[in-house]
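Beneath this line is the structure, given in structure tokens, with notes to follow.
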Amino acid sequence: MNPAPLLSAAACVTLAVGALAIAHRVRPAVPEGEPPPEPHPVLSSIGSGLLSGFILLTGFLVATGWAARTTGTLPPRTLYAADLAAGTAVLLYPALAGLPFTPRYTTAVTFFAALVGYTLSLAVQLRP
């Protein structure tokens with residue numbers, strides 16, 4: 001079994017949950033008895049745009065990496081760097097958007113980050 005996808009998923013989970021924990025620690029404390037603030041609704045459109053860009057770029061790299069086995073045409077290495085940057089932005093977005101550090105959100109971020117890490121690893125490994 002190839003451990004690279006699992007290691008990539010674990011690294012992405014560490015980055016995303018670590019950023020969420022650090023952002024929670026740096027934010028001002030919520031007054032006693034008040035619920036934690038919800039992220040601003042406008043921020044959802046930014047997250048959607050980041051995620052769409054990441055998905056399109058990763059999908060392109062997966063498809064061309066697979067097709068390169070027969071055509072021999074490889075995507076430029078800079079696209080892989082751009083995909084890594086887009087993945088990092090997607091992973092840091094929940095912390096920067098002000099998502100509360102609660103078990104519910106931490107679980108969601110963990111599963112999402114594992115999927116991002118696994119997909120990034122797949123895109124790189126399909127390059128012949």
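Under a hydrophobic clustering in which Ile, Leu, Val, Met, Phe, Trp and Tyr are joined whenever their side-chain heavy atoms come within less than 4.5 Å, directly or via other members, Leu122 and Trp66 fall into the same cluster. If you chain together hydrophobic residues whose side chains sit under 4.5 Å apart, Leu96 and Leu15 fall into the same group.
Ala86 and Phe54 make their closest contact through C-CD1, 4.1 Å (heavy atoms, listed as atom of the first residue, atom of the second, distance). The nearest pair of heavy atoms linking Arg69 to Leu126 is NH2-O, 3.4 Å. Of all heavy-atom pairs spanning Pro5 and Gln125, the tightest one is CD-NE2, 3.8 Å. The minimum heavy-atom distance linking Thr64 with Pro75 is given by the pair OG1-CG, 3.3 Å. Counting all heavy atoms, side chain and backbone alike, Leu92 lies closest to Ala19 at CD2-CB, 3.6 Å. Pro94 approaches Val109 most closely through the heavy-atom pair CB-CG2, 4.0 Å.
Between atom OG1 of residue Thr106 and atom CZ of residue Phe111 there is a gap of 12.0 Å, rounded to the nearest 0.5 Å. How far SG of Cys12 is from OH of Tyr118: 13.5 Å, rounded to the nearest 0.5 Å. To the nearest 0.5 Å, atom CG of residue Leu50 and atom CD1 of residue Ile55 are 11.0 Å apart. Within the model, atoms CG of Leu6 and OG of Ser121 stand 8.5 Å from one another, a figure rounded to the nearest 0.5 Å. From Ile22, atom CD1 reaches atom CZ of Phe101 across 10.0 Å, with rounding to the nearest 0.5 Å.
With sequence neighbours excluded, no residue satisfies side chain to side chain donor-acceptor pair (under 3.5 Å) with Thr110.
For the side-chain contact (heavy atoms from CB on, under 4.5 Å) criterion with Leu120, the lone passing option out of Val90, Asp83, Leu91, Leu61 is Asp83.
Contact annotation: the side chain of Arg127 approaches that of Tyr80 to within less than 4.5 Å [non-hydrogen atoms, C-beta and beyond]. For the pair Tyr105/Val17, no side-chain contact is recorded, criterion being any heavy-atom separation below 4.5 Å from C-beta on. At a threshold of 4.5 Å between non-hydrogen side-chain atoms, the residues Leu79 and Leu57 count as touching.
A distance-only check finds no donor-acceptor pair linking the side chain of Ser8 to the backbone of Ala4 [under 3.5 Å].
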